[in-house]
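Working notes for the structure below.
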Number of protein chains: 2
Amino acid sequence: MSVKNAILGLLHYKDMHGYSIKEHIEKHFGNMWTVNYGQIYPGLRSLEEEGFIAMVELAPSEDGGPHKKLYSITEAGRAAFQEWIESSPERQMFLRDPFLMRFIFFGFSDRESALRIIDEQIAFYREQMERRQKNVPRWEGYGVYVRLMAEMGLNLNKTYLDWLVNARDEIARCGEEELEWRRGAVIS
Amino acid sequence: MSVKNAILGLLHYKDMHGYSIKEHIEKHFGNMWTVNYGQIYPGLRSLEEEGFIAMVELAPSEDGGPHKKLYSITEAGRAAFQEWIESSPERQMFLRDPFLMRFIFFGFSDRESALRIIDEQIAFYREQMERRQKNVPRWEGYGVYVRLMAEMGLNLNKTYLDWLVNARDEIARCGEEELEWRRGAVIS
DNA sequence: TCTACCATGTAATCTGTTACATGATTGC
DNA sequence: GCAATCATGTAACAGATTACATGGTAGA
């Protein structure tokens, strides 16, 4: 599970608790991933059982239940992480995009619906691009790899957006007959 | 489930059976997705139960078990598909890349391991890029949307590859101290 | 006081992957 | 005869999402 490896990685920087681990995975590192507590907390638990992390502090609330568990990586954890990071990645990139999944079938819808949805998508990615660009200075202090990762996020965002704008243009311009799907022609 | 919607989409072109649906999702449409039979066959079953598709032919093997089930989309299926395709996409792009997940933590590994893994990745994406480029002529007959989708696959591939090559270069060139992670500096 | 955010967790559900089992057909 | 590919399916597992339940702290 790569969420578990990401936790081990983050704990190299400093001791953390679940909430801030989620935050770091989501807000830093190029804003490329989302994680849920449903992955974080069970992940922490299982890492603790394996002896890869250990709770170092538990700030207790008055009259109260356990609160704010601070975790630290153990030597065994560092060793496991080293083994993981030096091995070759198991699988290739996994991209799932509900918009693209629709896009490919827009030939079975009308041009107006298609353009409407593409415009929504353009607006969304434009906003995201601006957010990313505003964040650029934040990556300055963060070492080479983190900075490169953030650049990657920006590059992908740009590629996607440029493609969207160009696609919108072509679809708006091209003749009705080109947009049609032709029974014989389309499927081999 | 978008695999089910993809099945409904493909059945607009012509009647198909499970095996060729998988093939079309994987080999056509820009080579962007993978699917397994564990999604296809249960998907077909549930679409049939919902009345969105119907079996039209069952080529029987001699002395035998059912073989080659041909499915067709029903009117109810077309209606459900139309509703789906005209609605706005539910979620944004989901990218999970085991390589990128490692990359961000390469500061905790040595430069040699990092460069080795990056080189492997470059080799892989170069090959994939060549495969995609060879496939370009195949998309000619396939209508505007399918062609644009294939172009998108190529664009993303190119962006990724260019970034990898540039990243490799920067990492190879930069000083040891820049590669280091600094406890205070890195995590806010 | 109320809102926003910090903080931890679980259960149900959905989605995706791997491995297995089975057998027919096609081309070398 | 053998290998590759066509074809259908299931079971176990892994991974991700949603919704819920709970309560603390800081600031307007």
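The sequence lines fix the lettering, A, B, ..., with proteins before strands; numbering per chain opens at 1.
Screening residues 148-161 of chain A for salt bridge (Lys or Arg N to Asp or Glu O under 4.0 Å) gives A/Arg147-A/Glu151, A/Lys158-A/Asp162 as the qualifying pairs, with residues at least two apart or on separate chains. Within the structure, salt bridge (Lys or Arg N to Asp or Glu O under 4.0 Å) contacts touching residues 27-44 of chain A (residues at least two apart or in different chains) are A/Glu23-A/Lys27.
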Taking only nitrogen or oxygen atoms into account, show me every contact under 3.5 Å that the protein makes with nucleotides 4-7 of chain D, one pair per line with its distance.
from, atom 1, to, atom 2, distance (Å)
D/dC6, OP2, B/Tyr19, OH, 2.6
D/dA7, OP1, B/Lys68, NZ, 2.8
D/dA7, OP2, B/His17, NE2, 3.1
D/dA7, O5', B/His17, NE2, 3.4

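Listed pair B/Asn36 / C/dG16 fails the phosphate criterion, with no side-chain N or O lying under 4.0 Å from OP1 or OP2.
Protein atom NZ of B/Lys22 is 11 Å distant from nucleotide atom P of C/dT18, rounded to whole Å. Between the CD1 atom of A/Ile25 and the C1' atom of D/dT17 there is a distance of 16 Å, rounded to whole Å. Rounded to whole angstrom, the span from the CD atom of B/Glu48 across to the P atom of D/dT8 amounts to 13 Å. Rounded to a whole Å, the CD1 atom of A/Ile7 is 13 Å from the P atom of D/dG15. Taking atom CG on A/Asn5 and atom C1' on D/dG15, their separation rounds to 14 Å, with Å as the unit. Atom CD in B/Gln39 sits roughly 15 Å away from atom P in D/dG15 (whole-Å rounding).
Scanning for salt bridge (charged side-chain N to carboxylate O under 4.0 Å, His left out) contacts around B/Glu75 gives B/Arg78, with sequence neighbours left out. Residues forming a salt bridge (charged side-chain N to carboxylate O under 4.0 Å, His left out) with A/Glu86 (at least two apart in sequence, or on another chain): none. Under the rule for a side chain to side chain donor-acceptor pair (under 3.5 Å), A/Ser20 has no partner lying at least two apart in sequence or in another chain. Take A/Arg111 and apply the salt bridge (charged side-chain N to carboxylate O under 4.0 Å, His left out) test, not counting sequence neighbours, and it matches A/Glu176. By the salt bridge (charged side-chain N to carboxylate O under 4.0 Å, His left out) test, A/Asp110 is found to be paired with no residue, residues two or more places apart in sequence or in another chain being considered. Partners of B/Glu48 according to the side-chain contact (heavy atoms from CB on, under 4.5 Å) rule, which considers only residues two or more places apart in sequence or in another chain, are B/Ile53, B/Met55, B/Tyr71.
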Can you give me every donor-acceptor pair (side chain of residues 124-136 of chain B, partner residue at least two apart or in another chain, under 3.5 Å) with its distance?
from, atom 1, to, atom 2, distance (Å)
B/Gln128, NE2, B/Asn157, OD1, 3.3
B/Arg132, NE, B/Asn157, OD1, 3.0
B/Arg132, NH1, B/Gly30, O, 2.6

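Proximity of residues 93-103 of chain A to DNA chain D (heavy atom under 4.0 angstrom from any strand atom) is not detected for any residue.
Axis deviation across the helix from C/dT1-D/dA28 to C/dC28-D/dG1 amounts to 30°, comparing end segments of five pairs, rounded to 10 degrees.
Annotation: B/Tyr145 is in aromatic contact with A/Phe103 [ring centroid separation under 6.0 Å]. Aromatic rings from B/Tyr19 and B/Tyr41 are positioned such that their centres are separated by 6.0 Å or more.
Both B/Gly38 and A/Thr34 lie near DNA chain D, and the one whose nearest nucleotide falls closer to the 5' end is B/Gly38.
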